[in-house]
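See below for the structure under consideration.
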Amino acid sequence: MLSSTDVRILVLDDDPDDTLLIADAIEDISETSHAVTVTHTAEDARRHLQSDCFDIILCDYRLGVIDGTEFITEIRQNGSDVPVILLTGRNDRSADQAALAAGATDFICKANLSPEVIDRAIRYAIANAERQRLINAVLSSLNAAVCVRDASQQPFLWNPAFASLAETFAPDVDTPAAIAHLCDEVSNKQNVQTIADRIQDKTIADLNDGRSVIALHDVTEHVHAIQERRRAETKAAHLTRHCSLTGLPNRSAFAERISQEIESAAKRGSEFYLLNLNLKRFKEVNDVFGHQMGDELLQQVARRLRTCCPDDVFLARIGGDEFAVIQAKRAGAGVTPALAHTIADAIDEGFLLQGKVVHVAISLGAAVFPEHGKTAQELLSNADMAMYRSKSDPSSVIHAYNSELDQVVRERRLLANELKKAVEQEEVEVHFQPKARVADGEITGFEALARWKHAHHGFISPSIFVPIAEENGLIEKIGHQVLRRSCQYAVDWPKPVIVSVNISGMQIRQTDFVSMVHSILLETGLAATRLELEVTESVLIDDFAIALKMLRGIKSLGVSLAMDDFGTGYSSLSSLVTFPFDKLKIDRSFVMDLENKQQLSAIVRAIIGMGKNLGLSIIAEGVEKPSHVEFLAKEQCDQMQGFLIGKPVSNDTVIEMLKSPRPCVLYSTEPARSIVA
Ligand code: C2E
Ligand code: MG
Ligand code: MG
């Protein structure tokens, strides 16, 4: 802060006597050494102001050409904030007021001029100027744009931020006009408003004397951050309720929606359908073509479902390959809506995936609220049950819930869950059924047959649990365990006979099937020539190209192949010719009834003849009676298998049988060797 002892003073007075008077008075101020510059014209004073610095100006009120108030206005416009004390020849109240209005710091009558008076005026003026500078510095340092208005709403004090905002807001007018304009703009509008592309939060403080302070806070970044956060929150909320792959509402959105539907339908006394949709061959597409194609398929399915569903239908993806539909039901309409058929037809058309047409059927279960369930859980589980039913029914893809199938399906599902646990704990065992040469009854090998001993139900036939395992994909694990265990056992058998393992169609479609078989052989050390895989023909029909590739791969390992259950299903000669089979197994249904039905012996004879012509080895299943053996021997069938030869037994029994010092003859047509062990 300046001390009053070294003040630089510019004196402007057109009267030389008065100038002397003023200079003398200043000089007589005790204990000071003020530097005084005397000028007589405004022109002269301007020049000094341009080249020198002054702490205060003492200016005559009447300067001749212009008066002191005009001089003050002029230097203020030029940016100077040097305090000015006006000096006047006589005490004039109106001149006093004019001086104050022009921004003079003080107004002194020359008649009263004394060193004491001028000293006090100089000190007060400098102190005030200092205070003003401080206020200005504070105002300038504020982040806010601030403007003070007088009682007549005219702006009289503002900071640079306010001026620059006003200039941007009203670029076509001068700064004071722009400031006035901005004050008007902000005073009557809402708290937050956009001014010159920036978002401003406004506060107006009333000073209780008519004056007011307008403060504008630039909250643009803050508002943008909030908007960005809201956008992110909305997006996150969307993601938590929608499936990112298909864009459809997800399981949690579905759960919410079905609760709402139940509430409003219960209030109105109306009904609605719940459809549960499941893609039948999705897992295969994933396994065979890869996950990318699987994803692509799901997207296409979702698009097609969307096209099928009218606007008032709610569609969601509630699981991997599971979709759900909620549709209002008209009173008196049936238990399955027309939409179910539209959807089934649309999905049935096939999908073009990377240039390939892929067919995936749909299983569709329908349930009606409130008839088939009054709670979301009940309704869902019943629609699911109906869907599950259609999964295992090749005759119809659409099923509506009905309470009779409830129990059957429930038991099947329970069994499926228990099977899953049994497979995880490797509880599915393997038994072996002997195969023998027809000519002399010698054991040629054993067929591995999966065995599941259920804690309550006892032994459950593979004819029951294998189809269940095929439905839920468990068959791959079971197949792997059976194959591995069979090879492990067979490698330690006392005689190097063949071990035959049944292979499901689902396994054949596993892309790594061949390498899986290869690595089991390497791991167990079983020679490939001792392994035979049994495959049913239906497997080959389902996916010709894939099956052919896999079977060729298996053959190339040195493993042999048998076509199982020949004569049932689609049996065709072309499969035998196309696929690299070594052996043909005549289904037990032909053999078991041989003596009762004349035509059967003709069929078996024809199959044996045809197979032999194709260079295949022939084995007959279901040999239960000596007469069967006699017939097969006469027809020169190579091998036989059936309860007469031996029932499926444990591995320990297999070892016992193979260890027997007698030739492993179990049954022979020749009486001398007709020994049943
Ligand atoms: P399959 O491959 O045709 O197996 C022969 C079935 O016929 C076995 O039934 C066997 O016990 C039965 N059998 C054998 N000789 C006679 C007989 O003289 N008379 C009668 N009535 N039946 C006889 P099982 O063990 O119940 O197996 C049924 C089917 O389950 C098998 O038919 C096979 O297709 C499937 N299977 C069994 N184990 C496995 C496995 O590990 N993997 C796969 N994928 N399927 C398996
Ligand atoms: Mg078999
Ligand atoms: Mg069979």
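Both ligands and their constituent atoms are indexed starting at 1 by order of listing.
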Inset, instruction - Please examine the side chains of Leu449 and Arg451, heavy atoms only from C-beta on, and report whether any two atoms are closer than 4.5 Å. - result: yes
Under 4.0 Å, heavy atoms only, figure out whether ligand 1 is touched by the backbone of [X], its side chain, both or neither.
X      : value
Asp587 : neither
Glu621 : side chain
Asn502 : both
Val430 : neither
Ala450 : both

Check ligand 1 against [X] and write out every atom of the ligand that is under 4.0 Å from a heavy-atom position of the residue.
X      : result
Ser504 : 44 (N)
Ser461 : 26 (O)
Met592 : 19 (N), 20 (C), 21 (N)
Pro648 : 11 (O)
Glu624 : 17 (C), 18 (O), 19 (N), 20 (C), 21 (N)
Gly642 : 15 (N), 18 (O)

Inset, instruction - Using the six-membered ring wherever Trp is involved, compare the ring planes of His456 and His454 and label them parallel, tilted or perpendicular (cut-offs 30° and 60°). - result: tilted
Inset, instruction - Return yes when at least one protein heavy atom is under 4.0 Å from atom 11 (O) of ligand 1, and no when none is. - result: yes
Inset, instruction - Quick one: give me the number of protein N/O/S atoms under 2.8 Å from the Mg ion (ligand 2). - result: 4
Does an N or O anywhere in [X] fall below 3.5 Å from an N or O of ligand 1?
X      : value
Phe643 : yes
Gln433 : yes
Gln507 : no

Legend entry - Option nearest atom 29 (C) of ligand 1 (shortest heavy-atom distance, choices Ser589, Gly622, Ser463): Ser463
Legend entry - Short side-chain donor-acceptor distance under 3.5 Å, Glu296 and Gln292: no
Inset, instruction - Could you tell me the residue and atom name of the protein heavy atom closest to atom 7 (O) of ligand 1, and the distance to it rounded to 0.1 Å? - result: Arg588 NH1, 2.9 Å
